[in-house]
Amino acid sequence: MEERLRPAPSLPPESPPDKNYESSKLQSPGIDLSTYVVRVPKDQVYRFPPPENARLAELHQTSPPKQAKTSRCCLCCIVVSVVLLVLLIVLGGVLGGLFSMLLSPKDPKFSVESFKVAETKEKYSMSLRVQNPNADLGISYKNNNHVSLSLDGKQIAKGDYTSMKQDPLDTTSFGVALKGSKTPKKVEESIKNTKKKVAVTFSLAIQSRARMKMGLLSSGTMTFHVSCIFKIDTLANSTRILSQQCQTKRN
């Protein structure tokens, strides 16, 4: 018998090609068929680094180094300190000028109370008196006030006295020790001549620094230059001051 041929199995119909696949294939011609292409929407694309980190990086790059900031701060502090110092000096000068103009302070008055030569002859001791003629102002004397004793225009001894305070219209007496190097001939003659008194004329120079005060208001530091010429009757026994003249100048 004649064998019947079986019909060949029918193949499934071919599905139409995907348009997205074709477009991706056209856009990426070198991609292998086994590679998957993932497409992400534009609003979900992430940058590296993120925008906020990129801004921080730009700020760090453009900001000056810490050392420069420190040097600028130091410079500003120095400038401010100098300006404040100048302002304080100017303010002190203005207040001192107003103090002198409004109150018209009077200079203290110095005088010599007593004078004698020590046993060593190179040392002299004297007592000074200072009067504050101001009715409303006190005087505060500072340390290291110098006293110089001269004879015939030559300095023979020097010393100093410490600080002190005076109330208005107050009079203060204080002692001063003077030390010299060599005893002048006139001094020796006056000491040795006990029968006849030999008078000697000395000159005294005083440099004193002080401030005048009235309550909380105070003047600047003033320097008083005092010059005295005084005459004594003898240096043998009891010495008496015959005459004296003192003047005070203020700087």
Side-chain angles (χ1 to χ4, degrees), residues 104-135 137-213 221-251:
S104 299
K106 299 178 182 179
D107 298 334
K109 297 179 180 180
F110 287 79
S111 59
V112 181
E113 281 190 328
S114 63
F115 181 85
K116 67 178 181 179
V117 181
E119 295 180 357
T120 57
K121 296 183 181 180
E122 289 84 11
K123 293 183 180 180
Y124 308 84
S125 62
M126 62 190 309
S127 176
L128 298 177
R129 181 175 60 188
V130 57
Q131 178 188 2
N132 179 12
N134 298 284
L137 300 175
I139 303 178
S140 178
Y141 297 89
K142 295 189 174 184
N143 285 323
N144 300 325
N145 299 292
H146 303 290
V147 180
S148 174
L149 182 67
S150 300
L151 179 64
D152 295 334
K154 295 181 180 180
Q155 180 179 299
I156 61 174
K158 62 181 179 179
D160 53 25
Y161 62 94
T162 59
S163 62
M164 61 181 180
K165 294 182 179 181
Q166 277 191 306
D167 295 329
L169 299 177
D170 189 15
T171 300
T172 306
S173 298
F174 58 95
V176 179
L178 306 174
K179 185 177 181 181
S181 57
K182 186 179 180 180
T183 304
K185 291 183 180 181
K186 286 186 177 182
V187 175
E188 289 183 354
E189 183 181 355
S190 182
I191 294 173
K192 293 178 180 179
N193 199 338
T194 57
K195 295 181 180 181
K196 183 181 179 180
K197 294 182 178 181
V198 178
V200 183
T201 302
F202 295 94
S203 60
L204 189 71
I206 304 172
Q207 182 178 347
S208 180
R209 297 184 306 126
R211 284 187 176 184
M212 295 187 177
K213 296 183 178 181
T221 301
M222 304 176 179
T223 302
F224 299 104
H225 297 277
V226 183
S227 59
C228 294
I229 298 176
F230 62 99
K231 185 179 181 179
I232 59 173
D233 59 349
T234 181
L235 293 173
N237 296 318
S238 58
T239 301
R240 188 167 60 93
I241 297 175
L242 300 176
S243 63
Q244 64 174 308
Q245 185 179 2
C246 295
Q247 294 180 350
T248 304
K249 293 183 180 181
R250 183 202 318 170
N251 284 347

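Taking the side chain as every heavy atom from C-beta outward, Asn251 and Lys249 never approach each other to under 4.5 Å. Counting only heavy atoms from C-beta outward, the side chains of Asn132 and Leu169 never approach each other to under 4.5 Å. A heavy-atom distance below 4.5 Å is found between the side chains of Arg250 and Pro105. Counting heavy atoms from C-beta on, the side chains of Thr171 and Arg129 come closer than 4.5 Å. Residues Val176 and Ile206 have side chains not in contact (no heavy-atom distance under 4.5 Å, counting atoms from C-beta outward). Using a 4.5 Å heavy-atom threshold, the side chains of Tyr124 and Val187 count as touching. Residues Met164 and Val130 form a side-chain contact, since some pair of their non-hydrogen atoms from C-beta on lies under 4.5 Å apart.
Taking CD1 of Ile139 as the reference point, atom OG1 of Thr172 lies at 9.0 Å (rounded to 0.5 Å). Taken from OG in Ser111 to CD in Gln244, the straight-line distance is 5.5 Å, to the nearest 0.5 Å. The distance from the NZ atom of Lys158 to the CG atom of Leu149 is 13.0 Å, given to the nearest 0.5 Å. Rounding to the nearest 0.5 Å gives a distance of 9.5 Å between CD of Gln155 and OG of Ser203. Rounding to the nearest 0.5 Å places CD of Gln245 at 8.5 Å from OG of Ser227.
The minimum heavy-atom distance linking Asn134 with Lys106 is given by the pair OD1-N, 2.7 Å. Considering every non-hydrogen atom in both Asp170 and Gln166, the closest pair reads O-NE2, 3.2 Å. Nearest heavy atoms, Lys231 versus Ala199: CE-CB, 3.8 Å. Considering every non-hydrogen atom in both Val198 and Ser190, the closest pair reads O-OG, 2.8 Å. The nearest pair of heavy atoms linking Phe110 to Cys246 is O-CB, 3.3 Å. When all heavy atoms of Leu128 and Glu113 are compared, the pair lying nearest together is O-OE1, 4.3 Å.
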Open item on the list: Quick one, Lys109 with Thr248, criterion side-chain contact (heavy atoms from CB on, under 4.5 Å). Give me CA distance, side-chain angles, the key distance, then yes/no.
Closed with: CA-CA 7 Å; Lys109 297 179 180 180; Thr248 304; 5.7 Å; no

Name the atoms and distances for all side-chain donor-acceptor pairs under 3.5 Å in residues 233-243, with sequence neighbours left out.
| from | atom 1 | to | atom 2 | distance (Å) |
| --- | --- | --- | --- | --- |
| Asp233 | OD1 | Arg240 | N | 2.9 |
| Thr234 | OG1 | Ala236 | N | 3.1 |
| Thr239 | OG1 | Thr234 | O | 2.8 |

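A donor-acceptor pair under 3.5 Å links the side-chain atoms of Asn143 to the main chain of Ser163, judged by distance alone.
Residues in residues 174-191 take part in these salt bridge (Lys or Arg N to Asp or Glu O under 4.0 Å) pairs, two or more places apart or across chains: Asp152-Lys186. Residue pairs meeting the ring-ring contact (aromatic ring centres under 6.0 Å, His included) criterion with at least one member in residues 156-195, sequence neighbours excluded, are Tyr161-Phe174.
Partners of Asp167 by salt bridge (charged side-chain N to carboxylate O under 4.0 Å, His left out), not counting sequence neighbours: none found. By the ring pair (Phe, Tyr, Trp, His ring centres under 6.0 Å) test, Phe230 is found to be paired with Phe115, Phe202, residues two or more places apart in sequence or in another chain being considered. Thr221 is linked by a side chain to side chain contact (heavy atoms under 4.5 Å, CB included) to Lys142, Arg209, Arg211, counting only residues two or more places apart in sequence or in another chain.
Counting heavy-atom neighbours within 6.0 Å of Ile191 CD1, excluding the residue itself, gives a total above 12.
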